Amino acid sequence: MRPRLPATKLKPAAAPTHRQPPPTTYRLLSTAAAPSDECGLQQQLDAHVARGNLSLARHLFDQIPDPDVRAYNALIRAYSWRGPGLAAYALNLYRAMLQDRRVPPDKYTFPFVLKACSALLDLRSGRAIHSHAARAGLHTDLFVSTALIDLYMKCAFLCHATNVFDQMPARDAVAWNAMLAGYALHGMYHHALAYLLRMQDHDARLRPNASTLVSLLPLLAQQRALSQGKSVHAYSVRACLHDKDGVLVGTALLDMYAKCGHLHYTCRVFEAMADKNDVTWSALIGGFVLCNRMVEAFRLFKEMLAQGLCFLSPTSVASALRACANLADLHIGEQLHVLLAKSGLHSDLTAGNSLLSMYAKAGLIDEATELFDEMVVKDTVSYSALISGYVQNGMADEAFLVFRKMQAHNVEPDVATMVSLIPACSHLAALQHGKCSHASVIVRGIASETSICNALIDMYAKCGRIDLSRQIFDVMPAQDIVSWNTMIAGYGIHGLGKEATALFLDMKNRACEPDDVTFICLISACSHSGLVTEGKRWFHMMEQRYGITPRMEHYIGMVDLLARGGFLDEAYQFIQSMPLKADVRVWGALLGACRVHKNIDLGKQVARMIQKLGAEGTGNFVLLSNIFSAAGRFDEAAEVRILQKEKGFKKSPGCSWIEINGSLHAFIGGDRSHPQSPQIYEELDSILVDIQKLGYQADTSFVLQDLEDEEKEKALLYHSEKLAIAFGILTLSEDKTIFVTKNLRVCGDCHTVIKYMTLVRKRAIIVRDANRFHHFKNGQCSCGDFW
DNA sequence: ATAGGGTTAG
């Protein structure tokens, strides 16, 4: 509804320009002081557009009774400049223009309306406009063609872009830059480089300008092509590109140096820059975070704030928050949260997502959830961050709920979402869920992405299907170091040390360099297979042949290898000879082995060490208490548990679960909440009778509380893993393998009972505990009873 | 020109 002026005030619709003398009527109306003259309106329209006051411009436009092409163009142009938010208005106006048959679009209309399509990624409208331009004979116009190239590149229609480019009768640097920028957008380094070279061969007058370099530099950064980056730097100085576009070129250069890991050059470029803006500071801080120089990143962040709040941007805060997450510095993270709130940036999507992730990584999953619920706008990243937050905090089931919520809100999952979700299946050992995720990834066409395959390899391994892991590993288009490590680790938890070793040797044949994690996986694989000598060999080779200095994780693996293999004293001496000060986890590995090998004396000694270091986490309290219980020292065992409570460590109860027909059934020791509990307990009692006939005697040293012997037996009998297995026996047909997962280590008595169970119930049983897989069959376990 | 979520080891 546009307010129309009285018909008497209408002016003839000749297209006046600035240079034309005002029409005679101009004076008449101007004396009446009414801004209704078209020429005057046009000037005011231009003025509002120039000032960026688009609502006033629109208001004026609506006052023009018969707007000419210039008026349309001015407003379309203004709308198309303002990103996707206003681009839709530009398209609407263009459509109005087509309907208003009086005013055909001209060569100034097409580039701007195409720009709007590009901002909206609206390929359909773009192609329609392409054909309008062709009908008007304007599709090979320099500006129209360039706009078309930009559109097709952004919509990933690369051939169309090439066609347009090839049909151009003449090309300027902007056209070449559009091609180059398009390839840069898709990370196509070689194509972009080819156009850069062609551009210079083609016409010596065409020199790469600031825009060229600004497109090119991120590609060089991605390729870590430092030497080429340096030549670009030199060229930019020779071509004086720092004079006019210093901020753009400088920022792109310092970012390139940072991504190539050369912070020294980054800083030198930064210091040399005359003009800096928020993007420059963000790139600088982000560079330090990227190079793991968190403390300096914070220092720079503070320096930036000291320079003035105008430099503060969600991007720079995001980098600072990432530093907090990596350093697990919740204190600074909270300060940044306050800073965001104070500067009104807290509703920014990027900032919100960073905050959410930071809280999740710090273990404050409730804060993260609250933040998520408060976010007005959520995108795929927000959902993915929350999903991975839940998985990292051991709440895999919640992760699935978030995933479902995401689908209900029509937010499309992408590669990162699925890479966050698939580990939830791994944690739960939920093979059906895992297979569904696998199917979903195939449907979405992302199943051959390396990171997706890596997550799937891990999932299948942890769900007991190491065969499927290997299949994916063999079929995937490109393995990276994570793929190899995951596969080796997979063999490790299945006790397939020989296969792990074979894969490691294969890795060398394929010229893939092992890293520090590879050796952690390899040593742990040897440990789970009792390959003590071999494990020791790899450990030495790691340092001597590969020059990798052992980290705490390697020492933990070695102590585990030695102690689990029964060489408890050697393990103890190994700890004494470590160049690093052994932490709780190292002693914890030894303590665990003391329990398995029932070495109470050493166990108590180790327990004292752990107490001195302050038992971190719940695991060691439980082990400690177990050791004392095993020695019959129930007072001390009780003391440990009281201490645990005082320190605020929640007892994480032993929990086992089994997936049946795609749903999970979870059990806690002595738990009767499952609807089929009566049958389950009956079955266990009957199993006890049967296995006692075969000579089973309860090993009551695994009972924590001070109970009478008979009660102890019962306490053992209703351990969570036994409940889950009994439920499996009742539910699954005889030919099916029963696969149970436990969050803690499987208890020694259960280990014995399960072996008997395979005999008296003629079932194959697989138990995955916190450490590894146990394949029970015909009265034996694949781990050879050392685990 | 910068930036938010993701896979392996314990």
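Chain identifiers are assigned alphabetically (A, B, ...) following the order of the sequence lines, protein sequences preceding nucleic acid strands; residue numbering begins at 1 within each chain. When reading the values below, keep in mind they use all heavy atoms of this one structure, side chains included, and skip hydrogens, waters and symmetry mates. All values reported here derive from a predicted model rather than from experimental measurement.
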- Query: What nucleotide, of B:dG4, B:dG6, B:dG10, holds the atom closest to the side chain of A:S354?
  - Reply: B:dG4

- Assess whether one donor atom and one acceptor atom, taken from the side chain of A:N277 and the base of B:dA1, lie less than 3.5 Å apart. yes

- Task: Please tell me which of the listed nucleotides, B:dG6, B:dT8, B:dA1, lies nearest to the side chain of A:A416?
- Result: B:dG6

- Message: Could you check whether the side chain of A:S451 and the base of B:dG6 have a donor-acceptor pair of N or O atoms closer than 3.5 Å, going by distance alone?
- Response: yes

- Between B:dA9, B:dG4, B:dG6, which nucleotide gets closest to the side-chain atoms of A:S388? B:dG6

- Message: Checking contacts here: which listed nucleotide (B:dA1, B:dT8, B:dT7) is nearest the side-chain heavy atoms of A:V247?
- Response: B:dA1

- Under 3.5 Å donor-acceptor pair, A:D414 side-chain atoms to B:dG5 base atoms: yes

- Query: Quick one: the side chain of A:D379 and the base of B:dG4, do they pair up donor-acceptor inside 3.5 Å?
  - Reply: yes

- Whole-Å distance between B:dT2 P and A:Q222 CD? 11 Å

- Query: How are the rings of A:F519 and A:F504 set to each other: parallel, tilted or perpendicular (split at 30° and 60°)?
  - Reply: perpendicular

- Calculate the interatomic distance between A:I387 atom CD1 and B:dG5 atom P; express it in whole Å. 14 Å

- Taking CD1 from A:I472 and C1' from B:dT7, how many angstroms apart are they, rounded to a whole number? 13 Å

- Task: Write down the distance between CZ (A:F519) and C1' (B:dT8), rounded to a whole number of angstrom.
- Result: 15 Å

- A:D480 CG - B:dA9 P separation (whole Å): 14 Å

- Message: From the set B:dT2, B:dG5, B:dG10, return the single nucleotide nearest to any side-chain atom of A:I520.
- Response: B:dG10

- Are any of the side-chain nitrogens in A:K508 or A:E513 under 4.0 Å away from the carboxylate oxygens of its partner? no

- Give a yes or no on whether a salt bridge exists between A:E412 and A:R444, defined as a side-chain N under 4.0 angstrom from a carboxylate O. yes

- Query: Roughly, in whole Å, what's the span from NZ in A:K361 to C1' in B:dG5?
  - Reply: 8 Å

- Not counting sequence neighbours, list each pair that qualifies as a salt bridge (Lys or Arg N to Asp or Glu O under 4.0 Å) and has a residue in residues 241-258 of chain A. A:D255-A:K259

- Interatomic distance where CD1 belongs to A:I285 and P belongs to B:dG4 [whole Å]: 13 Å

